Amino acid sequence: MMISIWQIAPALRMGNAVIVKPSENTTLSVLALGWVLNQVLPAGVLTVVPGEREVGSVIAGHPDIRKVMFTGSTATGRRIVEASAGNLKRLTLELGGNDAGIVLPDIFDGASPERRREIAETLFWGAFINTGQTCAALKRLYVPDEIYDEVCRALVRVAEDVPMGMGLEEENLLGPLQNRTQFDIVDRLVEDAKASGATVLCGGNPDRDAPGNFYPTTLVADIDGDAALVTEEQFGPALPIIRYTDLDDAVAEANRSEAGLGGSVWSADPVAAREVAARLEAGTVWINNHGAVDPRIPFGGVKGSGYGLEFGVEGLKAVAVPQVING
């Protein structure tokens, strides 16, 4: 619903009629959102069309639809490009992310125990917000050798204090994965990490026969940079923590991914953090935070994470076409 309104609102604001094709996994919530909005919108301005992938393909290829905004996988984004090639439709594609965070050795310098806990909590929620089911979530964390164990311990302490369970129970802060296919993907990636010799610090032991798709909050340490949990987007509650000794190597590893949606740098020195941030190949790089998307600030990816911008003035311009009348 949040992603839908991020695209619906600017499109309507700029005077467009809008067709929304929700994911087949989240149809009911988007239909409900459309129903609410259509209580006040003129008839025909906003239409929600549920369906399978074929519906999206028809929309992408339809000559009378002049703009497509899509949030989803890189593979689907490529299919939209192909389907729209015949009519050169304008596209905004916010595709898969495998966001890297790089912790610098000074992150805890001069920090009180309370401040260290705050830093660990911010790191944790950068990765586990919405149970990790966020395009711009922190998906892999690079930590220097000299503070590696300390960062791991701090994250485990936070994870142990965050309850997971049914969302109707108020005390729960994390919920299930949205569908069984995604549960199986996370499960496969963690099992692969175990088999390769990585250390599971917490989690990694799902009850596969229990109702719902609850995968426990999982932190994986001592993992190789080539492990599938590092190179593939997990889109779930399992964070690989990769040890590094040379900052240049960490930056190179962060940039090795096809994805380039977001990234983050964690340091007590803002100048040093900005220098590293400028070297990351990502549309947005946060400092001492991750995934803090603000609709007033342009947002978009590079490389396999797509092209075009949402939010801010640039996002409004993306759902309009300029015309010059000269004379």
Side-chain angles (χ1 to χ4, degrees), residues 1-23 26 29-30 33-34 36-37 40-41 45-46 48 56 59-60 65-74 76-77 80-81 84 89-101 122 125-130 132-139 233 235 257-265 273-274 277-278 280-323:
M1 293 175 71
M2 183 172 66
I3 291 173
S4 296
I5 203 66
W6 282 349
Q7 299 183 352
I8 292 169
L12 292 177
R13 176 67 182 82
M14 297 303 284
N16 300 286
V18 177
I19 296 171
V20 181
K21 191 276 175 191
S23 163
T26 59
S29 59
V30 179
L33 175 65
V36 170
L37 293 172
V40 294
L41 290 173
V45 170
L46 174 65
V48 181
I59 289 174
I65 297 174
R66 299 184 180 183
K67 168 81 183 191
V68 166
M69 302 176 73
F70 171 72
T71 299
S73 72
T74 299
T76 302
I80 290 173
V81 173
S84 66
K89 193 183 309 299
R90 287 171 168 80
L91 303 175
T92 297
L93 302 175
E94 197 262 86
L95 307 178
N98 193 10
D99 290 12
T122 308
W125 286 113
F128 291 97
I129 187 72
N130 199 35
Q133 298 168 107
T134 305
C135 294
L138 175 61
K139 305 286 174 46
E233 182 184 19
F235 211 73
S257 173
E258 177 194 35
L261 188 58
S264 57
V265 182
R274 290 191 187 100
L280 294 181
E281 297 172 354
T284 300
V285 181
W286 293 274
I287 294 174
N288 296 337
N289 206 337
H290 198 107
V293 176
D294 186 323
R296 297 168 296 183
I297 300 171
F299 181 75
V302 298
K303 302 195 296 185
S305 292
Y307 48 79
L309 292 171
E310 299 178 74
F311 304 153
V313 174
E314 288 81 359
L316 290 174
K317 290 179 178 179
V319 286
V321 179
Q323 181 191 42

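All residue numbers in this chain count up from 1 along the given sequence. Every value quoted in this text rests on a predicted model; they were computed, and no experiment measured them.
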Which of V45, I8, L12 passes side chain to side chain contact (heavy atoms under 4.5 Å, CB included) with L37? Answer is I8
Checking D99, I3, I129 against T134 for side chain to side chain contact (heavy atoms under 4.5 Å, CB included), the one that qualifies is I129
Examine distances only and state if a side-chain atom of [X] and a backbone atom of [Y] form a donor-acceptor pair shorter than 3.5 Å.
{"X": "N16", "Y": "V319", "answer": "yes"}
{"X": "N98", "Y": "A259", "answer": "no"}
{"X": "K139", "Y": "A100", "answer": "no"}
{"X": "S73", "Y": "T76", "answer": "yes"}

Side-chain heavy atoms of [X] within contact of [Y], under 4.5 Å:
{"X": "V293", "Y": "W6", "value": "yes"}
{"X": "P298", "Y": "F311", "value": "no"}
{"X": "S84", "Y": "V68", "value": "no"}
{"X": "R66", "Y": "R90", "value": "no"}

Enter the distance from [X]:[atom1] to [Y]:[atom2] here, rounded to the nearest 0.5 Å.
{"X": "N289", "Y": "W125", "atom1": "CG", "atom2": "CH2", "value": "13.5 Å"}
{"X": "L261", "Y": "E94", "atom1": "CG", "atom2": "CD", "value": "5.0 Å"}
{"X": "L33", "Y": "M1", "atom1": "CG", "atom2": "CE", "value": "4.5 Å"}

Partners meeting side-chain hydrogen bond (donor to acceptor under 3.5 Å, both in side chains) with [X] (sequence neighbours left out):
{"X": "T71", "result": "Q7"}
{"X": "T92", "result": "K67"}
{"X": "E258", "result": "R78"}
{"X": "S29", "result": "none"}

Closest non-hydrogen atom pair, [X] against [Y]:
{"X": "A277", "Y": "V285", "result": "CB-CG1, 3.5 Å"}
{"X": "G304", "Y": "L95", "result": "O-CB, 3.7 Å"}
{"X": "A318", "Y": "L309", "result": "CB-O, 3.7 Å"}
{"X": "G77", "Y": "L93", "result": "O-CD1, 4.1 Å"}
{"X": "S264", "Y": "L280", "result": "O-CD1, 4.2 Å"}
{"X": "P22", "Y": "V48", "result": "CD-CG1, 3.9 Å"}

The complete set of side chain to side chain donor-acceptor pair (under 3.5 Å) pairs with one or both residues in residues 295-305, sequence neighbours excluded, reads E281-K303, D294-R296
Quick note, ring pair (Phe, Tyr, Trp, His ring centres under 6.0 Å) partners involving residues 281-307, not counting sequence neighbours, are W286-H290
